[in-house]
Amino acid sequence: MQVTLSDNSIRLIKWLSVLLIAKVILFVLYGYRDYFPPNFEVPFLLGRQNYFFGSYAWSFYAHLASGPTTLVLGLILLNDRFRGRYPQWHRIMGRIQVAMILLVLVPSGLWMSFYALTGMIAGVGFATSAIATGVCAILGWRAAVRRKFITHRLWMLRCFAILCSAVVIRIIGGLGTVYGWDAPWIYQASAWISWLLPLGLVEVHRNIQWVEPLPQSDS
Ligand code: HEM
């Protein structure tokens, strides 16, 4: 499929997405004031006192540290200019990113999935996204080691798209607050839509040929 968009439009869409992701990261970090120490009156922690210790508390705080970090690292690593200018830093940060995803974010997300709000449908949605993130990170890393850089970029783009589920789910949550959607099925659906939608967009994006329209005349 062929879609005509100018370079400037593509650049604008990219920068708007970066701004949106940055805004959500700041919003998430602002919310941490309710987690240090844990305030069991806020919606996310409501009713979690019974198991908020040991493995859950460890996973929760490991997740709070690794989530925003992997999103910020992902933004930097996907930036072509940064990679071109500082290839050594790209390699170092890439290794940190893969280690953090595989050793901290995925295990903590998986463990927290067992306790997901609204139950099993949302839990399986989060758990599947955790596994998909890990698989993309492993395949992306393997391609880089084998110097297959086009494949590497594609897997890392998919990995980042799934990390952006944290952004999409909060946008859906924000819309829910504005429009008064509070049915449990909306949270269950968003646990799936939040990662399948950005992943789908990556697949659509790579099957479209984005071309700038050719000039129609010399004038
Ligand atoms: C694919 C990767 C991820 C998975 C599988 C995942 C999984 C989860 C799960 C299962 C929960 C608990 C949900 C519930 O109990 O209903 C959660 C909460 C949370 N996640 Fe993630 N997550 C991922 C990525 C991220 C990223 C990239 C961030 C960065 C912003 C993030 C930040 C948080 C925060 C702050 C919470 C606590 C709830 C809140 O304050 O909104 N997660 N995550």
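In what follows, every heavy atom counts, from backbone to side chain, and hydrogens, waters and symmetry copies are set aside.
- For OH of Tyr30, the number of neighbouring non-hydrogen atoms (other residues, nucleotides, ligands) closer than 6.0 Å is 12 at most.
- Heavy atoms of other residues, nucleotides or ligands lying less than 6.0 angstrom from CH2 of Trp111 number 12 at most.
- Residues Ile131 and Trp195 do not share a hydrophobic cluster, defined by chaining ILVMFWY side chains whose heavy atoms lie under 4.5 Å apart.
- A 4.5 Å side-chain heavy-atom check between Arg83 and Leu77 finds every atom pair outside the cut-off.
- When all heavy atoms of Leu78 and Arg153 are compared, the closest pair comes out as O-NH1, 4.0 Å.
- For the atom pair OG1 (Thr128) and CD1 (Ile162), the distance works out to 10.5 Å, reported to the nearest 0.5 Å.
- Residues Leu196 and Val167 do not share a hydrophobic cluster, clusters being chains of Ile/Leu/Val/Met/Phe/Trp/Tyr side chains in contact below 4.5 Å.
- Between the CG atom in Leu105 and the CG atom in Leu163 there is a gap of 6.5 Å [rounded to 0.5 Å].
- Taking CD1 of Ile25 as the reference point, atom CZ of Arg170 lies at 10.5 Å (rounded to 0.5 Å).
- In this structure, Arg158 and Arg206 have side chains that are in contact, with non-hydrogen atoms separated by less than 4.5 Å.
- Remark: Leu19 CG is packed, more than 12 non-hydrogen atoms of other residues, nucleotides or ligands lying under 6.0 Å away.
- Heavy atoms from other residues, nucleotides or ligands lying under 6.0 Å from CD1 of Ile121 number 12 at most.
- Taking 4.5 Å as the limit, every side-chain heavy atom of Thr133 sits out of range of all side-chain heavy atoms of Thr70.
- A donor-acceptor pair is defined here as one N or O able to donate and one able to accept, closer than 3.5 Å; no such pair exists between the side chain of Arg48 and the backbone of Tyr56.
- One hydrophobic cluster, built from ILVMFWY side chains closer than 4.5 Å, cannot hold both Ile150 and Val202; they sit in different ones.
- Both Val18 and Leu71 sit in one connected hydrophobic cluster of ILVMFWY residues. Membership requires side-chain heavy atoms under 4.5 Å apart, directly or through other members.
- Under a cut-off of 6.0 angstrom, the local environment of OH in Tyr179 is sparse, with at most 12 non-hydrogen atoms contributed by other residues, nucleotides or ligands.
- Side-chain atoms of Val145 and Arg142, non-hydrogen and from C-beta on, never get closer than 4.5 Å to each other.
- Annotation: the span from Phe160 atom CZ to Gln97 atom CD amounts to 8.5 Å, rounded to 0.5 Å.
- Between Tyr32 and Tyr35, the ring-plane angle classifies as tilted under the 30° and 60° cut-offs.
- Summarising the geometry of Ser190 relative to Ile172, their closest heavy-atom pair is CB-CD1, 3.6 Å, with the distance given to 0.1 Å.
- Phe36 is listed as a side-chain neighbour of Leu64, based on a closest heavy-atom distance under 4.5 Å.
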Intermediate values then yes/no, side-chain contact (heavy atoms from CB on, under 4.5 Å), Leu73 and Ile96: CA-CA 9 Å; Leu73 281 177; Ile96 296 173; 4.1 Å; yes

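- Here the closest non-hydrogen pair linking Ala116 and Phe126 is CB-CD1, 3.9 Å.
- Annotation for Phe53 and Gln49: closest pair CD2-O, 4.4 Å, computed over non-hydrogen atoms.
- Within the 4.5 Å cutoff, the side chain of Val104 has no heavy atoms near those of the Thr69 side chain.
- Note on ring orientation: taking the six-membered ring where Trp is involved, the planes of Phe60 and Phe44 are parallel (angle under 30°, cut-offs 30° and 60°).
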field: Candidate pair Phe114 and Met112, rule side-chain contact (heavy atoms from CB on, under 4.5 Å), full reasoning
entry: CA-CA 5 Å; Phe114 289 107; Met112 288 165 72; over 6 Å; no

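- By the 6.0 Å contact criterion, CZ on Phe52 is enclosed, its count of non-hydrogen atoms from other residues, nucleotides or ligands being greater than 12.
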Return a table of donor-acceptor pairs under 3.5 angstrom between the side chains of residues 180-189 and protein atoms on other chains or two or more places apart.
from: Gln188; atom 1: NE2; to: Thr118; atom 2: O; distance (Å): 3.2

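- Inter-residue side-chain proximity for Leu12 and Asn8 is flagged as unmet; no heavy-atom pair is nearer than 4.5 Å.
- In plain terms, the two heavy atoms of Pro68 and His63 that are nearest each other are CD-O, 4.2 Å.
- Both Val42 and Phe40 are part of a single hydrophobic cluster, where members link through side-chain heavy atoms under 4.5 Å apart.
- We find the CD1-CG distance between Ile21 and Leu16 to be 11.0 Å, quoted to the nearest 0.5 Å.
- Taking both residues in full, the closest heavy atoms of Cys136 and Met156 are given as O-SD, 4.5 Å, listed atom of the first, atom of the second, then distance.
- Here OG of Ser129 is found 8.5 Å from CG of Leu110. Values are rounded to the nearest 0.5 Å.
- In Arg81, the CZ atom is not crowded: 12 or fewer heavy atoms of neighbouring residues, nucleotides or ligands sit closer than 6.0 Å.
- When atom types are taken as modelled, the side chain of Asn79 and the backbone of Leu75 share no donor-acceptor pair closer than 3.5 angstrom.
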